[in-house]
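Everything on this sheet refers to the single structure shown next.
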Amino acid sequence: MKRDAGELRVDFVSGAVAHRLRFGGGRGQALAKAMGLRAGKTPTIIDATAGLGRDSFLLASLGVQVTMIERSEKMYALLADGMDRAAQEGGELREIIGRMTLLQGDAKDLLPELSAEAILVDPMHPERKTSALVKLELRQVREIVGTDEDAVDLMRVALEVARNRVVLKWPAKADPIAGIRKCSHQILGKTTRYDVFMVG
Ligand SMILES: C[S@@+](CC[C@H](N)C(=O)[O-])C[C@H]1O[C@@H](n2cnc3c(N)ncnc32)[C@H](O)[C@@H]1O
């Protein structure tokens, strides 16, 4: 079937994600540091907001076993398709996809049944600003899922369940989410910041 040029597709084989796999900064990257990866330490991770699977793929490429949760049926289907195609490439891609387990449902319901050292929460922020390249994709994701108004409830559940930490990925300049405790520390990027909540 011919694909529309502007159609949203999850692609781990070529493009930005594949480039990052080859030339990214390994465990020195902000996401990896925020999630608690160090030399000799590879935590189990739940990505409670899987989306296009970019963050999960990066973590899995660093050796992490990631459980991914996505509530939108459409996003789930796009992601499952992208994972299938990547696995069919064999080699390193198949190994990385083999560390990623995708679940469909609302993380607020599924998290209490699961167990992980670290949980990543990256909800769709209403005013999220991103680079031109990612912008089209994020706009397309927003068209499918809208904005995630229940982020505070998801954070509360995640904070109950995580054994070591919860990491909230949020626009660098946005206010913290009201209604949850202050984070333990922050890792700042140019457009994104990671608010790290240590637990336990
Ligand atoms: C900003 S995107 C995540 C992008 C992702 N971090 C990536 O690297 O591609 C947010 C996604 O989380 C999903 N989501 C938001 N709240 C959720 C929840 N409570 N349970 C499951 N999925 C959720 C949305 O449907 C959307 O696909």
Side-chain angles (χ1 to χ4, degrees), residues 8-13 15-21 24 29-32 34-35 45-62 64 66-83 86 96-97 99-114 116 118-131 133-162 166-172 174 177 179-180 187 189 191-196:
L8 183 61
R9 188 179 200 233
V10 171
D11 184 10
F12 298 120
V13 181
V17 178
H19 184 271
R20 198 165 164 196
L21 176 61
Q29 293 174 74
L31 172 66
M35 297 309 299
I45 292 179
I46 299 172
D47 179 353
T49 51
L52 294 168
R54 288 166 180 264
D55 291 329
S56 284
F57 183 84
L58 172 75
L59 293 166
S61 76
L62 298 173
V64 175
V66 196
T67 302
M68 308 151 73
I69 309 176
E70 175 53 54
R71 69 175 159 193
S72 153
E73 276 179 30
K74 185 156 183 195
M75 289 303 301
Y76 171 87
L78 288 171
L79 197 41
D81 172 59
M83 287 169 66
I96 295 171
I97 299 295
R99 288 184 213 112
M100 298 162 69
T101 304
L102 176 59
L103 305 177
Q104 209 245 311
D106 192 313
K108 299 195 297 298
D109 303 326
L110 297 185
L111 278 177
E113 316 277 307
L114 301 168
I119 300 178
L120 172 63
V121 177
D122 176 21
M124 190 60 79
H125 187 273
E127 298 144 35
R128 191 158 191 147
K129 293 195 181 70
T130 42
S131 73
L133 188 66
V134 183
K135 224 175 197 165
L136 171 66
E137 278 187 343
L138 262 186
R139 262 200 324 255
Q140 289 172 309
V141 174
R142 189 173 293 138
E143 270 165 30
I144 297 171
V145 305
T147 55
D148 296 320
E149 305 293 343
D150 58 346
V152 63
D153 301 322
L154 176 55
M155 278 300 294
R156 285 196 187 121
V157 178
L159 287 164
E160 289 280 311
V161 169
V166 177
V167 175
L168 174 66
K169 185 173 173 182
W170 209 230
I177 291 184
I180 46 168
I187 297 186
T191 55
T192 303
R193 72 167 197 259
Y194 297 93
D195 289 355
V196 182

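Residue indices begin at 1 and follow the sequence shown. First listed ligand is number 1; within each ligand, the first listed atom is number 1. Predicted model, so just to flag it, every value in this text is computed and none were measured.
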* To do: Could you tell me which residues satisfy side-chain hydrogen bond (donor to acceptor under 3.5 Å, both in side chains) with Q29, sequence neighbours excluded, listed by chain and number?
  =>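 Q29 satisfies side-chain hydrogen bond (donor to acceptor under 3.5 Å, both in side chains) with R20 only.
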Exercise for the section: Tell me, please, which residues at least two apart from D106 pass side-chain hydrogen bond (donor to acceptor under 3.5 Å, both in side chains). Expected result: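 Only R71, K108 meet the side-chain hydrogen bond (donor to acceptor under 3.5 Å, both in side chains) criterion with D106.
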- request: Assess G105 for proximity to ligand 1: is some non-hydrogen atom of it under 4.0 Å away?
  value: yes
| Could a heavy atom of S56 be found less than 4.0 Å from some atom of ligand 1? |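 In this structure, S56 fails to qualify as a contact of ligand 1 - no heavy atom is under 4.0 Å.
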So for D122 against ligand 1, with non-hydrogen atoms under 4.0 Å, the contacting part is both
| message | Checking contacts here: is it the side chain or the backbone of H125 that comes within 4.0 Å of ligand 1, counting heavy atoms only? Could be both or neither. | response |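 Contact part for H125 vs ligand 1: neither.
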- prompt: Any sub-3.5 Å donor-acceptor pair from E70's side-chain atoms to G51's backbone N or O?
  reply: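 Yes; judged by distance alone, with no hydrogens or angles, the pair exists.
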Any N/O of D55 closer than 3.5 Å to an N/O of ligand 1?
yes
**Q.** Nitrogen or oxygen atoms of S72 and ligand 1 under 3.5 Å apart
**A.**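 N/O-N/O distance below 3.5 Å does not exist for this pair.
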Is R54 salt-bridged to E137, cutoff N-O under 4.0 Å? yes
**Prompt:** Between F12 and F57, how do the two ring planes meet: parallel, tilted or perpendicular, split at 30° and 60°?
**Reply:**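 Because their plane-to-plane angle is under 30°, the rings of F12 and F57 count as parallel.
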### Message
Quick test of your reading of the structure: of L154, L120, D148, whose heavy atom lies closest to atom 15 (C) of ligand 1?
### Response
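Residue with the shortest heavy-atom distance to the ligand atom: D148.
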For atom 5 (C) of ligand 1, tell me which residue out of A50, P123, A48 has the closest non-hydrogen atom.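 Selected option, by shortest heavy-atom distance: A50.
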